[in-house]
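Heads up, the thing below is written out as structure tokens.
What you see is a predicted model, and the numbers here were worked out from it, not measured in a lab. Reckoned from all heavy atoms, side chains included, excluding hydrogens, waters and symmetry mates.
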Amino acid sequence: MRRDLAGALGGAVVADVAATGPRSIRRHPDAATFRAALVGTRLETFGRWGKYLLVGLDTSDVLVAHLRMSGQLLLAASTADPVAKHSHVHVTFTDGRQLRFVDPRTFGELFVTTAALPELAGLGPDALGVDAATFAARLRGRRARLKPLLLDQRVLAGIGNIYSDEILWTAGLRWSRQADRLRPVEVRRLHAATTEVLTAAVEQRGSSLADAQYVDLSGRPGGYQEHHAVYGRMGAPCPRCGRPIERIVVAQRSHFWCRRCQR
DNA sequence: AAGCACACCTGCTAGC
DNA sequence: TGCTAGCAGGTGTGCT
């Protein structure tokens, strides 16, 4: 999504903003405040920190977006394009195009903040691009089990429920292993698996499940779900050993794993 | 520090 | 065909 935004919207100037869904801009006191922070600005940089998208503005402020469970950012060629249900925020550019934030469950959000990003204080280093030494340091002294640990955005930012399962399977590690009891070689395997899974997932433009909730800026689903080894595959054969994939609930989330391959 | 329950929402599907 | 229970990519809070 960051790459799509960078390719499509670099240099675009905001002509108007309509935020009809108050929950989507809940960090602002009202829609007028949110609108005032954006109208007239030029979109200059496109970054990402974990699951947060960071659009740098020429005011030196940053437009932050988080899609949460069901958010979509869609680029319409014109304001006349049909508007989807649950389309809560519309950013119109001077060239007539319109960026739309669509979010049925309204867990996602947009906000404008300063470049120091005080709202994101406490977020760990991005899981994609962290080096082996930093990765090991983030796990050091942590007694938590690996599945909840990988989901903790303060430890590493960017790993969600799909990719934590794929990473643990790729590393051959069981969800219940304690981080501080891993052998150094296992920590290195977990780091390598994190890099490998996230890199491949980005290359495949993300994972879209049956309801195609995640789509790119053009509304197209990703392709990494075709490569999932375990996530959503309960009962299907493990790609490595053929044993049926199991599903359990860990940290109030579904977890998919192979009893034979993950120890 | 860790783990758990629950809250926030809408929509879809499986099962009856 | 119609109903309901369960589940969904995430995070924040409050409690033990």
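Regarding A:Y231, its OH atom lies at a distance of 12 Å from the P atom of C:dC7, rounded to whole Å. If you take CZ of A:F101 and C1' of B:dC9, they are 13 Å apart, rounded to a whole angstrom. The separation between A:H255 atom NE2 and B:dG3 atom C1' is 16 Å, rounded to whole Å. When rounded to the nearest whole Å, the span between CD of A:E109 and C1' of B:dC9 equals 14 Å. In this structure, CG of A:L120 is placed 13 Å from C1' of C:dT11, rounded to the nearest angstrom. We find that CD of A:Q213 is positioned 8 Å from C1' of B:dG11, with the value rounded to whole Å. One can place CE of A:M69 at 15 Å from P of B:dC12, the figure rounded to the nearest angstrom. Protein atom CE of A:M234 is 12 Å distant from nucleotide atom C1' of B:dA14, rounded to whole Å.
Salt bridge A:R27/A:E119: absent, no basic N to carboxylate O contact under 4.0 Å. Ion pairing between A:D126 and A:R48 holds under the 4.0 Å rule for side-chain N and carboxylate O.
Residue A:R23 is in sugar-phosphate contact alone, with no base atom involved, counting any heavy-atom pair closer than 4.0 Å across all strands shown. Using a 4.0 Å heavy-atom distance criterion, A:S70 is classed as making no nucleic acid contact. Among the heavy atoms of the strands lying under 4.0 Å from A:R247 are primed sugar atoms or P, OP1, OP2 only; no base atom is included. Within 4.0 Å (heavy atoms only), A:K147 reaches no atom of the nucleic acid at all. Counting non-hydrogen atoms under 4.0 angstrom, A:Y224 reaches nothing in the nucleic acid.
Side-chain N/O atoms of A:Q153 include none lying less than 4.0 angstrom from OP1 or OP2 on C:dG10. Taking 4.0 angstrom as the limit, A:R145 places none of its side-chain polar atoms (N or O) nearer than this to OP1 or OP2 of B:dA2. Dashed line: the shortest gap from a side-chain N or O of A:K51 to OP1 or OP2 of C:dT11 is under 4.0 Å. Proximity of A:H86 to the phosphate of B:dG11: a side-chain N or O atom is located under 4.0 Å from OP1 or OP2. Close to C:dA8, at under 4.0 Å from its OP1 or OP2, lies a side-chain N or O of A:S254.
Across C:dT11, B:dG11, C:dA8, the shortest atom-to-atom separation from the side chain of A:P104 is found for B:dG11. Set against B:dA2, B:dG11, C:dA8, the side chain of A:R142 has B:dA2 as its closest nucleotide. Nearest nucleotide to the A:H66 side chain, out of C:dA8, C:dG12, C:dG10: C:dG10. Comparing atom distances between the A:Q252 side chain and each of B:dC4, B:dG11, C:dG10 picks out B:dC4 as nearest.
Here the CZ atom belonging to A:F101 is positioned 10.0 Å from the CG atom belonging to A:L74, to the nearest 0.5 angstrom.
Mapping A:R105 and A:E119 onto DNA chain C by nearest heavy atom places A:R105 at the nucleotide closer to the 5' end. Annotation: of the two residues near DNA chain B, A:D211 and A:A144, the 5′-most nearest-nucleotide partner is A:A144.
B:dC9 and C:dT13 have their P atoms separated by 15 Å, with the value rounded to a whole Å. Straight-line distance between the P atoms of B:dA5 and C:dG6: roughly 16 Å, to the nearest whole Å.
Both thresholds, 5.5 Å between centres and 30° between ring planes, are not jointly met by A:F107 relative to the base of C:dT11, so the two rings are not stacked.
In summary, the side chains of A:T106 and A:R23 do present a donor paired with an acceptor at a separation below 3.5 Å, with no hydrogens or angles considered. Inspection of the A:D58 and A:T41 side chains reveals no N or O donor paired with an N or O acceptor under 3.5 Å.
Follow the hydrophobic side-chain contacts under 4.5 Å out from A:V13 and you never reach A:L5; the two are in separate clusters.
Note: A:W257 and A:H255 have parallel aromatic rings, judged against thresholds of 30 and 60 degrees for the angle between ring planes.
Across all strands shown, C:dG10 forms a Watson-Crick or G-U wobble pair with B:dC8, both key distances being under 3.5 Å. Remark: C:dT1 base-pairs with no nucleotide in the shown strands. Criterion, Watson-Crick or G-U wobble with two distances under 3.5 Å.
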